[in-house]
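Taking it in order: structure first as structure tokens, then the write-up.
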Amino acid sequence: MLQVPFIRDNKEVVIAGLAKRHFDAKALVEQVIILDEERRALQTKLDNTLAESNALSKDIGNLYKSGKAAEANQLKEKTSVLKEASKTLSEDLSTTEEKLKNLLYQLPNVPHESVPAGKSEAENEEIFNEGNVPKLYDGAQPHWELAKKYDIIDFELGNKISGAGFPVYKGKGARLQRALIAYFLDKNTTAGYTEYQLPHLVNEASCYGTGQLPDKEGQMYHDSRDDLYLIPTAEVPGTNVFRDVLLNESELPIGITGYTPCFRREAGSYGADVRGLNRLHQFDKVEIIRVEHPDNSYNAFHGMIEHVKDILRELKLPFRILKLCGGDTGFPSAMTYDFEVFSTAQDRWLEISSVSNFETYQANRLKLRFKNSEGKNELAHTLNGSSLALPRVLAGILENYQTEKGIEIPEVLIPYTGFSIID
RNA sequence: GGAGAAUUGGCAGAGUGGUCGAAUGCGGCAGUCUUGAAAACUGUUGAGGGUCACACCUCCGGGGGUUCGAAUCCCUCAUUCUCCGCCA
């Protein structure tokens with residue numbers, strides 16, 4: 001979340017920045033400032049009361065020691081008044097703090113100054129486009145038809161076992177999934193990311209840490225019995241590795257990568273969007289996460305973009321990069337680039353990666369800090385990106401690599417699959 | 001699942017009612033020495049709130065209680081470890 005001192009000192013910047021999201025922050029910001037003033041006033045009152053009471057306690061102790069019990073007892077009566085006062089004050093203080101926190105939770109991150117204003121995805125800027133869209137043979141099919149034809153993904157079976165959005169990968173389909181995961185992880189570790197295997201269920205504190213709560217409450221599967229959430233992305237357990245952590249500056253930057261399944265309720269989705277692999281309740285993803293010095297985070301951000309580009313080039317998939325406008329940028333993110341693969345047989349772009357810089361927004365919630373060169377504790381910047389999300393990459397491969405003989409396997413993947421065609 | 005022990009600063013670890021935000025060691029930072037580094041020595045070093053800066057306040061796993069006063073006593077929850085049982 002945003003830092004109150006920052007809001008206080010940059011009120012207009014915050015309001016103008018959030019306006020790029022079509023988020024009217026004026027009232028909220030003013031309330032935050034008022035509540036913060038109230039909070040500090042209460043804090044001061046409480047502190048003074050406690051200081052008085054502490055001083056009295058010290059006196060009482062000394063009086064007892066020197067045998068002046070009568071005087072001590074007199075002072076004791078005074079303390080009970082102070083005690084009452086401090087009790088009400090601290091109750092008031094915590095309700096004020098609670099109110100303030102709830103307001104802060106409602107404020108999304110301020111977009112980076114270069115992020116264009118805009119309301120929806122229609123206003124995203126295409127900033128890069130590469131790769132050739134293949135000319136397919138007559139009778140080329142969308143991936144859900146191909147999946148059936150070659151018996152590699154069984155959507156019906158998933159329906160039976162779980163429900164819509166839980167496909168079953170079979171035979172060469174399953175093997176291709178495993179190959180993609182291994183290939184992505186290898187690419188990431190070669191680029192310097194440390195591989196992690198992370199929990200797939202996380203507690204509430206972790207969801208608040210990365211900003212899924214309270215923003216996306218209804219989007220996650222929740223086990224109410226143990227109060228655990230199924231992760232919607234490895235970002236959650238991966239970034240929470242660094243919750244309540246104080247780093248040395250020399251430890252930065254840090255990069256980790258991990259493969260996890262991701263679980264999303266996707267309430268409210270419908271239509272062509274959900275066809276086949278386009279939108280699922282359970283899918284696989286390999287994620288990269290970075291913790292960076294604030295001075296270097298945008299550098300690192302562009303490094304992540306290049307890294308993902310490199311993978312898509314190796315896979316020889318036609319792709320483009322969108323710089324998201326304010327309205328489409330995720331709640332806790334300051335800047336996000338989306339990667340989309342062109343799915344030829346569907347004749348549409350499919351989002352396969354999203355790279356974001358959260359600046360201090362997550363770190364502030366996480367209490368992720370480093371000791372800077374002046375010896376002061378400073379919030380770090382966090383970033384993450386998919387590298388990559390599996391189902392739509394798979395859809396892209398199936399659709400772009402289909403031939404009359406079968407589906408060819410991109411060359412870089414053959415060492416991982418052990419076969420070069422699905423037929 | 002049963003029994004016992006534990007949870008203290010970046011880490012390790014002492015501290016059983018006021019003199020404790022907390023010994024000591026390691027680590028970090030600064031300096032001396034050195035051509036440089038290491039070693040050694042000296043100094044410094046918890047976090048958050050608050051203030052122009054001080055003062056001051058809070059924090060010894062979380063929450064509650066006893067007391068004029070709690071790291072220290074009581075209750076409760078969580079977690080970790082050891083032993084036993086069960087088991088992939």
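In what follows, chains are A, B, ... by sequence order, proteins preceding strands, each numbered from 1.
Checked against a 6.0 Å centroid threshold, the rings of Y208(A) and Y105(A) count as neighbours. In summary, the aromatic rings of H281(A) and F263(A) are positioned with their centroids too far apart to meet the 6.0 Å limit.
Residue A51(A) places its side chain closer to C57(B) than to any other of G69(B), G50(B), C57(B). In this structure, the nucleotide among C56(B), C68(B), G50(B) sitting nearest to the side chain of R40(A) is G50(B). Proximity note for Q43(A) (side chain, C-beta onward) versus C56(B), G10(B), G49(B): the nearest is G49(B). Among G48(B), U58(B), G69(B), the nucleotide with an atom closest to any side-chain atom of K83(A) is G69(B). For K371(A), the listed nucleotide lying nearest its side chain is G46(B); candidates were C68(B), G46(B), G49(B). When the nucleotides G50(B), A47(B), C57(B) are ranked by their closest atom to the side chain of N377(A), A47(B) comes out on top.
When the P atom of U67(B) is taken as reference, atom CD of E77(A) falls 15 Å away, rounded to whole Å. Counting to the nearest Å, the P atom of U45(B) and the NZ atom of K376(A) are 15 Å from each other. Note: NZ (K87(A)) to P (U66(B)) measures 9 Å, nearest angstrom. In this structure, the CG atom of N364(A) is 14 Å from the C1' atom of G49(B), given to the nearest Å. Distance NZ (K58(A)) to P (C56(B)): 9 Å, rounded to an integer number of Å. E97(A) places its CD atom 18 Å from the P atom of C57(B), with the value rounded to the nearest Å. Straight-line distance from the NZ atom of K78(A) to the C1' atom of U67(B): 19 Å, rounded to whole Å. G10(B) atom C1' lies 14 Å from atom CG of L368(A), rounded to whole Å.
Annotation: of the two residues near RNA chain B, S53(A) and L246(A), the 5′-most nearest-nucleotide partner is L246(A). When each of L56(A) and G61(A) is assigned the nucleotide of RNA chain B with its nearest heavy atom, G61(A) is the one assigned upstream, toward the 5' end.
When the C1' atom is compared between C57(B) and G61(B), the two are found 22 Å apart, to the nearest whole Å. Annotation: A47(B) and U67(B) have their P atoms spaced 35 Å apart (nearest Å). Nucleotides A23(B) and C60(B) have their P atoms positioned 16 Å apart, rounded to a whole Å. Annotation: C33(B) and A53(B) have their P atoms spaced 37 Å apart (nearest Å). Here the separation of G4(B) from G9(B), taken at their C1' atoms, is 29 Å to the nearest Å. A22(B) and A38(B) are spaced 34 Å apart, taking the C1' atom of each and rounding to whole Å. For the C1' atoms, the distance from A88(B) to G21(B) is 47 Å, rounded to whole Å. G2(B) sits 33 Å from A70(B) when the C1' atoms are compared, rounded to a whole Å.
For the pair K309(A) and F128(A), the cation-pi test (distance below 6.0 Å, angle within 45°) is passed. Annotation: cation-pi pair K172(A)/Y150(A) absent, no NZ/CZ under 6.0 Å from the ring centroid and within 45° of its normal.
At a threshold of 4.0 Å, the pair E340(A)-R392(A) does not count as salt-bridged, since none of the basic side-chain nitrogens sits closer than that to a carboxylate oxygen. Between D310(A) and K187(A) a salt bridge is recorded (basic side-chain N to carboxylate O distance below 4.0 Å).
Base pairing of G50(B): no nucleotide in any strand meets the Watson-Crick or G-U wobble criterion (both distances under 3.5 Å). Pair assignment for U7(B): A78(B), on the basis of Watson-Crick or G-U wobble contacts that are both within less than 3.5 Å. G1(B) and C84(B) make up a base pair, with Watson-Crick or G-U wobble contacts both under 3.5 Å. The nucleotide G18(B) finds its pairing partner in C68(B), both defining distances of the Watson-Crick or G-U wobble pair being shorter than 3.5 Å. If you check A40(B) for Watson-Crick or wobble pairing at under 3.5 angstrom, you find it paired to U32(B).
Phosphate contact (OP1/OP2 of G48(B), side-chain N/O of R369(A), threshold under 4.0 Å): present. Side-chain nitrogen and oxygen atoms of N48(A) include none within less than 4.0 Å of the OP1 or OP2 phosphate oxygen of C57(B).
L75(A) comes within 4.0 angstrom of no nucleic acid atom, judged by non-hydrogen atoms across all strands. Residue D59(A) is classed as having no contact, given no heavy-atom separation below 4.0 Å to the nucleic acid. T79(A) comes within 4.0 angstrom of sugar-phosphate atoms only, judged by non-hydrogen atoms across all strands, and of no base.
To the nearest 0.5 angstrom, Y298(A) atom OH is 7.0 Å from S114(A) atom OG.
The backbone N or O of P332(A) lies less than 3.5 Å from a partner atom in the side chain of N109(A), making a donor-acceptor pair.
D47(A) contributes a side-chain N or O that forms a donor-acceptor pair with the base of G49(B) under 3.5 Å.
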